Protein chains: 2
Amino acid sequence: MPTLGPVDYENLSNTVYATLCDALIQGRFQPGDRLKIRELAEQLGTSVTPIRDTILRLANDEAIIFRSPRDIRIPVMSLTRYREIRSIRLKLEGLAAETAAQVATKADIEALERIVRENEEAIADANRLKGTELNQAFHFMLPQIAQMPVLVGILRKLWLQMGPLIADTYLQGGRSMIDYHYPVIDALKRHHSADAAMAVADDILLGGKALLDRLENNSEPPEGAQ
Amino acid sequence: MPTLGPVDYENLSNTVYATLCDALIQGRFQPGDRLKIRELAEQLGTSVTPIRDTILRLANDEAIIFRSPRDIRIPVMSLTRYREIRSIRLKLEGLAAETAAQVATKADIEALERIVRENEEAIADANRLKGTELNQAFHFMLPQIAQMPVLVGILRKLWLQMGPLIADTYLQGGRSMIDYHYPVIDALKRHHSADAAMAVADDILLGGKALLDRLENNSEPPEGAQ
DNA sequence: CCACGATATAAGATGCATCAAATGCGCGTT
DNA sequence: AACGCGCATTTGATGCATCTTATATCGTGG
């Protein structure tokens, strides 16, 4: 990813950060889980320092919280917080889609189509992990096509916060996660900004309905913990 | 302030982070300046650890960059990057204004008016520091009124990136920085979401024109500025 | 039997020593 | 005199020891 470019040096801290981000997005942590620096250090085979660096960065991203000075946890997403994030995503991913529609090249479209195709396969195989990754890849492709690196950074922060929730709910979403991606691609092909923004809005609102349902029914997650 | 609540513990790292954020926003650092951990540690009277924590967090916010593994600098804002940030702010602060217009109480309006009044005084006194702080306070009051803490976090990240630029340009903006705040307050009084969003857009576009001018004219700032 | 408190343990904060690498300066050579 | 190579210094990375404090548990008293 040349867009991330200068941020990523190959030091341990950044590696650990990337690892924990992946773990978060893959749903390896459940909301409410407690994190212990020394424990993670042992698991990842490093000293506590890179872990501490990462924890601090993730806390800055609000992907984890310090419930008390010694109690580091994966936050539980509240309904109001999810709705706020959804409002923000509607604006931001809408902007990305609008801009992308204006500048998308043949190659960009093909990249999107490839992602969706692979996503279909992942769903057919009931591969939750690959499905969530490809869904995310699709959403991040738009600001990348739009050449908006700042936007990518902001969305990364939002997705980190939603990570545990999404990974936990994805399977229940079924095909609704991907059906709304096709109109997005179609709008981009036609270079129609308004349609692109609307299609993304549909995806966020309708495709994300399973997330909202889950939060509204506000229940205890089944222990599929991994 | 229950809105900031859980983030802020009174440990050294967070104090240093707050201090450096302030310094950034107050324009105490110039774009291109190099930061040295040990140097900052000596200036702030701490060990290197809390400084390192802070540097890492600020790098995560993209408020500072690692040009090379040992070369930590305040980034120079490019014209395209500023335009991207402006697009994002239009959407996000627009959203904040829309929402705030729907829920603003008498007390909220009064708080906004107080900020603007103080800002007038600061301008009259040619107090750049107080002026930039109050301008920022006004902009952050909207998402706070709207009760959107996630949005506050995102905007904080954006303002951190703009900090050195704004502080550097504020005086040239003159009254244009504040003139557009009055229509915002007016729209909030009338609980008119669309007008509020439009007023904020005017403020960002017109009030921020000085920033854009500066970037357009200074396409090639000699970094050996001495 | 319950409640309060003290103590022990655990876990993050802080400081610091060491390591590795990048940069800059100086010397030597052409 | 200019360019290039090498060494010294600077500086962030990493690991670790210690310190502080929060929490939990156990014991004692009411």
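Because the structure is a prediction, the values reported are computed rather than measured.
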Interface polar pairs with nucleotides 14-17 of chain D, N/O, under 3.5 angstrom:
from   : atom 1 : to    : atom 2 : distance (Å)
D:dT14 : OP1    : A:L12 : N      : 2.6
D:dT14 : OP2    : A:S13 : N      : 3.4
D:dG15 : OP2    : A:S47 : N      : 3.2
D:dG15 : OP2    : A:S47 : OG     : 2.7
D:dG15 : O5'    : A:S47 : OG     : 3.3
D:dG15 : N7     : A:T49 : OG1    : 2.4
D:dC16 : N4     : A:T49 : OG1    : 3.3

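- In this structure, the side chain of A:Q144 does not engage the main chain of A:V152 through any donor-acceptor pair within 3.5 Å.
- Comparing C:dA22, D:dT23, C:dG12 against the side chain of B:S68 picks out C:dA22 as the nearest.
- On a pure distance criterion of 3.5 Å, no polar donor-acceptor pair joins the side chain of A:R70 and the base of D:dA22.
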- Message: Is there a side-chain hydrogen bond (donor to acceptor under 3.5 Å, both in side chains) between A:E133 and A:Q26? Walk through the geometry before answering.
- Response: CA-CA 8 Å; A:E133 276 174 358; A:Q26 292 171 11; 3.2 Å; yes
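- Computed from coordinates, the A:D71 CG to D:dT21 P distance equals 17 Å when rounded to whole Å.
- Atom CD1 of B:I65 is separated from atom P of D:dG12 by 14 Å (rounded to the nearest Å).
- Spacing between atom CD of A:E42 and atom C1' of C:dA11 amounts to 14 Å, rounded to whole angstrom units.
- Residues A:Y17 and A:D53 are not in side-chain contact: their nearest non-hydrogen atoms beyond the backbone lie 4.5 Å or more apart.
- Between A:E216 and A:R83 there is a salt bridge, with a side-chain nitrogen of the basic residue lying less than 4.0 Å from a carboxylate oxygen of the acidic one.
- Whole-Å rounding puts the A:R34 CZ to C:dA10 P distance at 12 Å.
- Ring geometry for A:H181 versus A:F138: interplanar angle under 30°, hence parallel rather than tilted (30 to 60°).
- When side chains are defined from C-beta on, A:L95 counts as touching B:I88, because their heavy atoms get closer than 4.5 Å.
- Separating the CD1 atom of B:I51 from the P atom of C:dT14 is a distance of 11 Å, rounded to the nearest angstrom.
- A straight line from CZ of B:R57 to P of C:dA13 spans 11 Å, rounded to a whole angstrom.
- One can place CD1 of A:I64 at 10 Å from P of C:dG12, the figure rounded to the nearest angstrom.
- To the nearest 0.5 angstrom, A:I74 atom CD1 is 12.5 Å from A:R28 atom CZ.
- Using a 4.0 Å heavy-atom cutoff across all strands shown, A:I55 reaches no nucleic acid atom at all.
- Taking atom CG of residue B:L44 and atom P of nucleotide C:dT14, one finds them 13 Å apart after rounding to whole Å.
- Counting any heavy atom pair closer than 4.0 Å across all strands shown, B:L35 reaches sugar-phosphate atoms only and no base atom.
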